[in-house]
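Following: one structure in structure tokens, then a few remarks.
The chains referred to below are lettered A, B, ... by the order of the sequence lines, with proteins before strands, and numbering in each begins at 1.
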There are 2 protein chains.
Amino acid sequence: MSVEFAQIQMEPAYRKVAAVIGARIRSRELREGARLPAETELARQFGVNRSTVREALRELESRGLLERRPGSKLMTVSRPRQASVAAGISDALLLHDVTARDVWEALMILEPPIAVAAARARTGADLEQIGAAAGALAAAADTVQAVQRTAQVLRCIGAATHNPVLRLAQEPLLLLLEPSLRVMIDKVPQARTRILNAQQHLLETLTRQDEAAAQTWMTRHIRDFKKGYELAGIDLAVHLAPRGVD
Amino acid sequence: MSVEFAQIQMEPAYRKVAAVIGARIRSRELREGARLPAETELARQFGVNRSTVREALRELESRGLLERRPGSKLMTVSRPRQASVAAGISDALLLHDVTARDVWEALMILEPPIAVAAARARTGADLEQIGAAAGALAAAADTVQAVQRTAQVLRCIGAATHNPVLRLAQEPLLLLLEPSLRVMIDKVPQARTRILNAQQHLLETLTRQDEAAAQTWMTRHIRDFKKGYELAGIDLAVHLAPRGVD
DNA sequence: ATTGCCGGTTTGTCCGACAATCATACGATC
DNA sequence: GATCGTATGATTGTCGGACAAACCGGCAAT
């Protein structure tokens with residue numbers, strides 16, 4: 001006959017303050033670009049100390065709901081930049097011991113349909129961007145550049161879907177892809193030309209809006225990554241290593 | 001002849017402190033569950049004030065890299081819980097004006113391959129969990145419960161893939177799905193039986209490890225959502241509304 | 001139009017302080 | 001011996017006040 005009590009949790013004030021301001025931002029009551037009141041003013045309104053307000057602001061800032069325009073000390077409301085969200089996601093995945101296989105499997109699932117959607121929804125401006133990224137890749141000087149620009153082409157294709165969900169789902173995968181891709185390209189000489197070739201074909205299929213061909217080439221493209229890993233002797237079951245400090 | 005200078009950016013101390021501690025966590029030098037030194041001690045080591053340390057801690061805490069065990073005031077290192085990361089993602093998506101169509105399209109891309117992967121990788125324990133979730137759904141009392149449990153079944157299927165990337169990609173979609181699904185189930189009486197039926201078939205195909213059938217049923221399942229939206233008169237192009245405060 | 005200067009505002013950081021809670025060890029009680 | 005109460009020290013949450021540096025806006029001078 002044990003009596004059960006619900007767990008009572010005290011929320012610290014800084015968390016409540018963050019929750020209140022965060023809710024206002026999410027509800028669009030505070031719109032993007034709007035200036036937040038000064039810290040002293042917020043402290044007065046909430047009836048807490050400025051230090052407490054500051055802790056709340058740090059929380060919102062790290063979630064991307066607040067941002068400081070460069071060179072300015074004003075805090076303004078912002079929508080989270082996809083880059084910062086994606087960085088958080090890849091951090092989480094790294095700490096959860098994802099393997100290269102996990103990432104590759106997810107890319108294999110995600111990228112071909114993204115190519116199809118991009119073929120359907122791409123605009124002329126999208127094609128220009130993809131073309132520019134592909135051109136930059138062809139002119140890449142070193143391995144690091146080649147890897148970054150390979151990811152950039154995929155990123156542009158994701159943008160061409162005009163679906164923010166797909167773009168955000170794709171981004172952390174690209175971040176996680178880079179380190180292992182760097183090793184692979186270094187060890188497999190033919191990888192670069194294969195990548196270049198596949199992406200050229202992709203650009204062309206997107207231009208023609210040939211959805212089936214886009215899917216085929218993207219599938220081939222991603223599958224090549226795995227082949228490259230095997231040729232390079234990279235164990236797909238190995239946990240990915242964290243990338244360098246920001 | 002304009003001379004160009006690189007933008008010089010001053011990083012505040014609290015950000016540097018957060019970056020240093022964060023790097024230690026990401027590099028596994030600080031392992032999960034490890035206790036962080038006390039704030040005064042950290043302040044001494046970094047040569048900054050305790051207030052500054054606290055701001056850094058708030059940043060790490062909100063990214064899920066630090067956590068306070070319930071009922072304890074010790075800060076311990078932790079890996080970000082998928083739930084909190086996913087909440088951040090869906091916040092970001094909401095503020096980026098995703099539409100119901102965007103979410104549905106992403107589900108349509110993601111879920112069928114997830115079902116295939118689950119059929120391949122599921123264990124007996126996974127089946128039990130999915131079965132339990134499906135049973136709970138069948139016994140759901142009200143709409144809110146029905147929606148939550150519908151999502152829960154999909155969540156369990158995602159877990160059965162044993163791929164953390166897929167699970168984390170799926171989670172924000174389920175969070176975004178709930179509000180609109182609630183409206184839909186309320187307005188379309190036959191929706192519940194269709195959902196139940198599809199998920200029963202899914203469970204069975206997963207048990208048989210019939211990958212093709214799993215894909216078929218999941219595709220049908222997700223497609224039903226869209227049909228339900230149309231029957232309920234929900235505009236797929238409408239921006240999703242934020243869910244309630246935490 | 002550009003530059004220099006000035007006062008008011010805001011942020012980053014610091015110092016010191018205190019109550020409430022937690023961790024832990026040490027007895028006291030049954 | 002197990003449970004309970006208590007004392008002690010460590011740690012966190014919150015507070016108040018302080019100050020330098022940087023920013024903002026305006027005005028005067030060139």
Side-chain angles (χ1 to χ4, degrees), chain A residues 1-3 5-22 25 30 33-78 246, chain B residues 1-3 5-22 25 30 33-78 246:
Chain A
M1 59 185 72
S2 69
V3 185
F5 284 105
Q7 200 173 125
I8 174 158
Q9 62 232 25
M10 283 272 298
E11 257 199 329
Y14 64 80
R15 199 180 281 280
K16 285 188 198 168
V17 171
V20 170
I21 299 179
I25 295 177
L30 288 171
R35 279 199 46 185
L36 218 58
E39 293 173 356
T40 49
E41 173 62 16
L42 286 174
R44 197 190 58 74
Q45 289 187 25
F46 284 106
V48 299
N49 192 273
R50 190 163 80 99
S51 308
T52 305
V53 169
R54 293 193 110 246
E55 295 187 38
L57 293 184
R58 291 299 87 77
E59 186 164 329
L60 295 168
E61 190 184 10
S62 90
R63 291 196 188 180
L65 268 54
L66 295 180
E67 128 185 291
R68 193 184 328 284
R69 292 274 159 73
S72 164
K73 60 177 28 171
L74 313 167
M75 276 281 226
T76 62
V77 175
S78 77
D246 314 333
Chain B
M1 56 184 74
S2 69
V3 185
F5 282 105
Q7 201 175 127
I8 173 158
Q9 61 230 24
M10 283 271 298
E11 256 198 331
Y14 64 82
R15 199 181 283 280
K16 284 188 197 169
V17 171
V20 170
I21 299 179
I25 296 177
L30 289 172
R35 278 199 47 186
L36 218 57
E39 294 173 355
T40 49
E41 174 61 17
L42 287 173
R44 196 190 58 74
Q45 289 187 25
F46 284 107
V48 299
N49 192 273
R50 188 162 81 98
S51 308
T52 305
V53 169
R54 292 192 111 247
E55 295 187 39
L57 293 184
R58 291 298 88 76
E59 184 163 330
L60 295 168
E61 191 183 11
S62 91
R63 292 198 187 179
L65 267 54
L66 294 180
E67 152 186 84
R68 191 183 331 281
R69 292 270 162 73
S72 164
K73 60 177 29 169
L74 312 166
M75 278 280 231
T76 62
V77 175
S78 77
D246 314 333

Can we say B:Glu39 and B:Arg50 salt-bridge, meaning some charged N sits less than 4.0 Å from an Asp/Glu carboxylate O?
-> yes
Per atom distances to the B:Glu55 side chain, the nearest of D:dT14, D:dG13, C:dT13 is C:dT13
How many angstroms lie between atom CG of A:Leu57 and atom CD1 of A:Ile21, to the nearest 0.5 angstrom?
-> 5.5 Å
Contact residues, residues 40-50 of chain A to DNA chain D [heavy atom, < 4.0 Å] | A:Gly47, A:Val48, A:Asn49, A:Arg50
Pairwise distance CZ(B:Arg15) to CD(A:Glu61) - rounded to 0.5 angstrom = 4.5 Å
Separation of B:Leu36 atom CG from D:dA10 atom C1', in whole Å?
-> 15 Å
Got A:Phe46 and A:Thr52 here, is their nearest side-chain heavy-atom distance under 4.5 Å?
-> no
Selected nucleotide, minimal atom distance to A:Ala38 side chain, candidates C:dT11, C:dT13, D:dG13 | C:dT11
Residue set satisfying side chain to side chain contact (heavy atoms under 4.5 Å, CB included) with B:Ser62, at least two apart, ordered chain then number -> A:Glu59, A:Ser62, A:Arg63
Kindly write out the residues that satisfy side-chain hydrogen bond (donor to acceptor under 3.5 Å, both in side chains) with A:Glu41, not counting sequence neighbours, or none if the list is empty.
-> A:Arg44, A:Gln45
Any B:Arg54 side-chain nitrogen or oxygen under 4.0 Å from OP1 or OP2 of D:dG13 = yes
Among C:dT11, D:dG13, C:dT13, find the nucleotide with the atom closest to the side chain of B:Tyr14.
-> C:dT13
Contacts of A:Glu55 meeting side chain to side chain contact (heavy atoms under 4.5 Å, CB included) (sequence neighbours excluded), chain-then-number -> A:Tyr14, B:Arg54, B:Arg58
C:dG12 C1' sits how many Å from B:Arg58 CZ, rounded?
-> 17 Å
Is any side-chain N or O of B:Arg68 closer than 4.0 Å to OP1 or OP2 of D:dG13?
-> yes
To the nearest angstrom, how far is B:Arg35 atom CZ from C:dA23 atom P?
-> 8 Å
Here the distance between atom P of D:dT14 and atom CD of A:Glu11, to the nearest Å, is 10 Å
Separation of atom CD in A:Glu39 from atom C1' in C:dT13, rounded to whole Å = 11 Å
Could you give the CG-to-C1' distance, from A:Leu57 to C:dG12, as a whole number of Å?
-> 13 Å
Phosphate oxygens OP1/OP2 of D:dC15: is one of them under 4.0 Å from a side-chain N or O of A:Thr52?
-> yes
